[in-house]
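Before any comments, here is the structure.
Each chain gets a letter, A, B and so on, in the order its sequence line appears, and its residues count up from 1. Only a predicted model underlies this, so the values are computations on that prediction, with no experimental measurement involved.
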2 protein chains.
Amino acid sequence: MSNKTPAYLRIKNAILDNIHAGTWASGTAIPAEITLAEDFGVSRMTVNRAVKELEAERVLERRQGSGTYVAQQKYNNAHIEIRNIAKDINERFNHYRAQVIAQKTLDFEALNQPENHWLNALFFHSQPAHTDKLYQVCIVHYGDDLPIQYEDRWVNAAIIPDFINQDFSSINTSDYLIDHVPLEYGDYQIQAKLAPINVCEALQIQAYEPALLHARHTKSQGQPVTFVNMWHPGSRFSFGGRL
Amino acid sequence: MSNKTPAYLRIKNAILDNIHAGTWASGTAIPAEITLAEDFGVSRMTVNRAVKELEAERVLERRQGSGTYVAQQKYNNAHIEIRNIAKDINERFNHYRAQVIAQKTLDFEALNQPENHWLNALFFHSQPAHTDKLYQVCIVHYGDDLPIQYEDRWVNAAIIPDFINQDFSSINTSDYLIDHVPLEYGDYQIQAKLAPINVCEALQIQAYEPALLHARHTKSQGQPVTFVNMWHPGSRFSFGGRL
DNA sequence: CAGTGGTCTAGACCACCTG
DNA sequence: AGGTGGTCTAGACCACTGG
């Protein structure tokens, strides 16, 4: 009951609820800042923050002098596609196989361990609630029995509670996520790095062999859904595309 | 002041200037919000906006109760578009400089050397004519005197005969190409690799440090125009973007 | 023109970190 | 305990859009 949740977050969620429920359809204008401020009993600056953040997350679009509109559902416009490693490997190799290394739940207590604080920053504004949970899976993807990708993924349990019960040696994590949530926003980073020891071993590479790290953070309707580190052996993997 | 630029932008730029000038080094704390507010003669909320945006841009890191710190600067680049390294570096660093390492012409005889056969495959269907020529340029791009990119580029002389006469320490190769030929198609590849010795030296990195290689092949009206290898230090460069 | 978002103020209370 | 960022208020003026 007692919400120590910041007002701007309550407003963001309320707006998202309205969008999700279909009350505010894509392309239509939502109430003006001043109206929302009155409705929620807060100052306009607080509403402004909520709306501005949803704009940054591409849930809303604002036009000065005109209004604030619900953004159109966006398809994948030729940016980095959400790649499916299973399909990619099947295109280039004869045989694809996934080996699940770990599959576990991080509860409130685990999230409060210092080594997991960076996850809280990504998922829970650094302040996990007692009910917050993350699922973690580590999967090695093989092409013709050669490791191609080490996938280290965290998933917000509140959004996809059933994620942890899947058999990811037969179901691809990306496929499962795409089927169960509309992924609408994310950022990624691609780096060349030396991989940690355990990753090197899983990928069957030497410690000094460059690895290609593809990290991605994905949100759906303003909520962080998943963060994933995808490590690839530099010698067996490259990232390609067309302009 | 009667400047038309918003106060929060002036403050952002002032902070960036201090970082670029080295006054505020990576990892050190910058003045508190209230201090900056007094210094700039604005309210704390205005400073808050400036600092919060720089945090979102990963220029600063904030810790509640502790302070605001200059983040480890890491170069970031979206690789979807045809990017201009000069512009990118100018956005991120104070000073951009290009050093031309080599600039030469490969004639029919040179193209028939075994070590150049792969170029023939890319440009001339493996069968160069006597009149076929390629230009080659090697350029190191610096941000604040730190090497960010080693550019090794080959250009089809038949399409842009005047390419070789340009001064690429002042003109960007991409700019020149875009201005002189309609680039309509290309493919790229991104790899993690150990760079050749000469590239390591030019980039001022150790031989075992992973490098991020971005290779691109561009065509215009069905004719191969340019092939380029762009090497980046893994420690100072990453590709990033949004979905 | 009236309504909207863009920006800004001068305060305030709180949670958190560090000495 | 004192300083820091996190949040919030109740106003304000401006620039822009639309009818």
Q: Using a 4.0 Å heavy-atom cut-off, write out nucleotides 6-14 of chain C from 5' to 3' as B (base contacted by protein), S (sugar-phosphate only) or - (no contact).
A: BBBBB-B--
Q. Going by the salt bridge (charged side-chain N to carboxylate O under 4.0 Å, His left out) test, which pairs reach into residues 35-44 of chain A, not counting sequence neighbours?
A. A/Glu33-A/Arg44
Q) With respect to the phosphate group of D/dG5, does any side-chain polar atom (N or O) of B/Thr68 fall under 4.0 Å of OP1 or OP2? A) yes
Q: Measure from the ring center of B/Phe239 to the ring center of B/His214 and say whether it is less than 6.0 Å.
A: yes
Q) Which residue lies toward the 5' end of DNA chain D, A/Gly65 or B/Ala32, if each is placed at its nearest nucleotide? A) B/Ala32
Q: With sequence neighbours left out, write down each residue that passes ring-ring contact (aromatic ring centres under 6.0 Å, His included) with A/Trp24, or none if nothing qualifies.
A: none
Q: Quick one: list whatever passes ring-ring contact (aromatic ring centres under 6.0 Å, His included) with B/Phe168, sequence neighbours left out.
A: B/Phe163
Q. Listed by chain and number, what are the side chain to side chain donor-acceptor pair (under 3.5 Å) partners of A/Glu151, not counting sequence neighbours?
A. A/His141, A/Arg153, A/Thr173
(Q) From CG of A/Asn120 over to P of C/dC16, roughly how many Å is that when rounded to an integer? (A) 13 Å
**Q.** Partner residues of B/Ala195 under the side-chain contact (heavy atoms from CB on, under 4.5 Å) criterion, sequence neighbours left out
**A.** B/Val199, B/Cys200, B/Ala211, B/Trp231
Q. Roughly, in whole Å, what's the span from CG in B/Leu36 to P in D/dT4?
A. 10 Å
